[in-house]
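I have placed the structure first, in the form of structure tokens, so that the comments after it can refer back to it.
The chain is numbered in sequence order, starting from 1.
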Amino acid sequence: MKKALLAGIGTILLISTLSMPAALAAESPAYTNAVKNGNTLAAKTRSFKQAISSKQITAIHSQYNSFTASLKSTEASIGKVPGSNNRQALLKKYVAPAKIEVERTIYEVSQYRLLSSMENSVYKEAYTIDSDLNKLDRLKKRATQIKETGGYPDLDPAIGNYLRKKEARAEGEYTITYVDGYKILINNDKNIYYANNMYDYLSKHIKETEERIGQVSGSSAREELQKLFVQPGKKEMERTIYYISRHRLMNNLFSLAQSGKAEEAKSKLPELDRLKEKAEKIIKDGGYTPLPEEIINNLNEDEQQLRELISAG
């Protein structure tokens, strides 16, 4: 009878021992710390969601680092809690809701930061914007993909509109620095040859600026940006395009004549005459300031040498 009683007591103790880990985990320092961190994270999640509701990327950005740091520390502290069931319950309660808000906003925050960096770099002499524009386009694509994959709701359109305007301005400011540099080469340095080297790159970025302005919401906003960043460059391109074209055609004809194809080069001389006429006409019709005399003289001297070379061939 005593043995049976002892056996029963042993069974009860065994059952009690098996059920203790979860209870002990809930009272452990690791669990207490995880809950403390989790409650802090929950408060920050609520605040972060309010920032998202404000439709201001600046408000989201201002909280992002603190929010993600709290998420990281909470997840780490939960990892130290005994018992997988306890860990899963804590992760579901605290971490999962926070991660949703991070994934909803991570690429918009990244765009904002990249664009701010671009704006700060525009006037640095060694800076070229092209690789950053490519990176920005990848971030925009990922922002769409992660919401589709995760089934997350889109952020308010006002956030995207703000980023697209910031993007257009960053590219526009960069383009204007090249417009100014191009005008210096023409008007101050009076060097058509250096201007020719810049022409294609500048033309590319005027087009790029115009395309990015086209993504901005609101016709009045687009018109304002066009006036600031596109029209000055287009006017300078129109003013010089036929002089650049004349210079480039002469280079091609020089190559033909020097390679023994003088007759082929000679057949293209009428095209050279047409470019000269177009250059004069566009200056007159557009009301543009004529190009410096030194540039005209240099082109005329080049043409004279070209014609002599062709005649000799």
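Residue Tyr194 places its OH atom among 12 or fewer non-hydrogen atoms of other residues, nucleotides or ligands, all under 6.0 Å distant. For Lys276, the NZ atom counts as densely surrounded, since its 6.0 Å shell holds more than 12 non-hydrogen atoms of other residues, nucleotides or ligands.
A salt bridge does not link Lys190 with Glu293: none of the charged nitrogens is closer than 4.0 Å to a carboxylate oxygen. Using a cutoff of 4.0 Å between basic side-chain nitrogens and carboxylate oxygens, Glu167 and Arg164 are scored as salt-bridged. Of the charged side-chain nitrogens involved, at least one lies within less than 4.0 Å of a carboxylate oxygen, so that Lys204 and Asp130 count as a salt-bridged pair. Salt bridge Lys183/Asp180: absent, no basic N to carboxylate O contact under 4.0 Å. Using a 4.0 Å cut-off between a side-chain N of Lys or Arg and a carboxylate O of Asp or Glu, Lys207 and Glu210 do not qualify as a salt bridge. Using a 4.0 Å cut-off between charged side-chain N and carboxylate O, Arg142 and Asp137 make no salt bridge.
With contacts defined as side-chain heavy-atom distances shorter than 4.5 Å, the pair Arg212/Glu208 qualifies. The shortest distance between side-chain heavy atoms of Arg274 and Glu271 falls below 4.5 Å. Within the 4.5 Å cutoff, the side chain of Leu41 has heavy atoms near those of the Phe67 side chain. The shortest side-chain heavy-atom distance between Tyr243 and Ile186 does not fall under the 4.5 Å cut-off. Leu115 has its side chain out of reach of Tyr112: every pair of non-hydrogen atoms, C-beta onward, lies at least 4.5 Å apart. Taking 4.5 Å as the limit, every side-chain heavy atom of Lys141 sits out of range of all side-chain heavy atoms of Tyr107. Tyr193 is not listed as a side-chain neighbour of Leu185, based on a closest heavy-atom distance of 4.5 Å or more. Residues Thr74 and Thr40 are not in side-chain contact: their nearest non-hydrogen atoms beyond the backbone lie 4.5 Å or more apart.
Under the salt bridge (Lys or Arg N to Asp or Glu O under 4.0 Å) criterion, the residue pairs touching residues 102-117 are Glu101-Arg104, Glu108-Lys147, with sequence neighbours excluded.
For the pair Asn120 (side chain) and Ser116 (backbone), a donor-acceptor distance under 3.5 Å is present. Not one N or O on the side chain of Ser47 forms a donor-acceptor pair closer than 3.5 Å with the backbone of Ala43. Put simply, the side chain of Ser267 gets close to the backbone of Glu264: a donor and an acceptor are under 3.5 Å apart. Between the side chain of Ser70 and the backbone N or O of Ser66, no donor-acceptor pair lies under 3.5 Å. At distances below 3.5 Å, not a single donor-acceptor pair connects side-chain atoms of Ser203 with backbone N or O atoms of Tyr199. Put simply, the side chain of Arg248 gets close to the backbone of Asn196: a donor and an acceptor are under 3.5 Å apart. Judged by distance alone, with hydrogens and angles left aside, the side-chain atoms of Arg87 form a donor-acceptor pair with the main-chain N or O of Val81 at under 3.5 Å.
Taking the centre of each ring, Tyr178 and Tyr174 come in below the 6.0 Å mark. Remark: aromatic rings of Tyr201 and His205 are close, center separation under 6.0 Å.
Residues forming a side chain to side chain donor-acceptor pair (under 3.5 Å) with Gln305 (at least two apart in sequence, or on another chain): none. In terms of the side chain to side chain donor-acceptor pair (under 3.5 Å) criterion, residue partners of Asp273 (sequence neighbours excluded) are, by chain and number, Arg307.
Arg246 CZ to Asn251 CG: the interatomic distance, rounded to the nearest 0.5 Å, is 12.0 Å. The distance from atom OG of Ser54 to atom NZ of Lys49, rounded to the nearest 0.5 Å, is 14.0 Å. For the atom pair Ile146 CD1 and Ile106 CD1, the distance stands at 6.5 Å (nearest 0.5 Å). If you take OG1 on Thr45 and NZ on Lys99, they are separated by 12.0 Å, rounding to the nearest 0.5 Å. To the nearest 0.5 Å, atoms CG (Leu163) and CG (Leu139) are separated by 10.5 Å. Put simply, OG on Ser255 and NZ on Lys261 are 10.5 Å apart, with the number rounded to the nearest 0.5 Å.
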Given side chain to side chain contact (heavy atoms under 4.5 Å, CB included), test Ile206 with Thr209 step by step and report yes or no. CA-CA 5 Å; Ile206 290 172; Thr209 301; 5.8 Å; no
Start with the C-alpha distance between Tyr288 and Thr240, add both sets of side-chain angles, then the distance that settles side chain to side chain contact (heavy atoms under 4.5 Å, CB included), and finish with yes or no. CA-CA 10 Å; Tyr288 300 127; Thr240 59; over 6 Å; no
In sequence, state the C-alpha distance, the side-chain angles, and the governing distance for Lys55 and Leu155, and then conclude on side chain to side chain contact (heavy atoms under 4.5 Å, CB included). CA-CA 8 Å; Lys55 308 176 186 179; Leu155 300 183; over 6 Å; no
Would Arg239 and Glu236 satisfy salt bridge (charged side-chain N to carboxylate O under 4.0 Å, His left out), going step by step from the backbone distance to the final call? CA-CA 5 Å; Arg239 178 187 175 221; Glu236 203 58 31; 2.7 Å; yes
Kindly indicate, with the supporting measurements, whether the criterion side chain to side chain contact (heavy atoms under 4.5 Å, CB included) is fulfilled by Val230 and Leu225. CA-CA 7 Å; Val230 175; Leu225 293 169; over 6 Å; no
Step by step, would you call Glu277 with Tyr242 a side-chain hydrogen bond (donor to acceptor under 3.5 Å, both in side chains)? CA-CA 9 Å; Glu277 291 173 5; Tyr242 292 115; over 6 Å; no
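Residues Asn37 and Ser77 bring a donor and an acceptor atom of their side chains to less than 3.5 Å of each other. A donor-acceptor contact under 3.5 angstrom links the side chains of Gln215 and Lys140, judged on distance only.
Each of Val122 and Ile184 belongs to its own hydrophobic cluster when Ile, Leu, Val, Met, Phe, Trp and Tyr are linked at side-chain heavy-atom distances under 4.5 angstrom.
The minimum heavy-atom distance between Lys80 and Ala30, with the atom names listed, is O-CB, 3.6 Å. The two atoms that bring Glu119 and Ala170 nearest to each other are CG-CB, 4.0 Å, heavy atoms only. Across Ile295 and Leu291, no two heavy atoms sit closer than the pair CG2-CD2, 4.1 Å. Across all their heavy atoms, Val216 and Lys165 have their closest contact at CG2-CA, 3.8 Å. The shortest heavy-atom contact between Phe229 and Ala168 is CD1-O, 4.5 Å. Minimum interatomic distance between Gln56 and Ile159 (heavy atoms only, all atoms of both residues): N-CG1, 4.3 Å.
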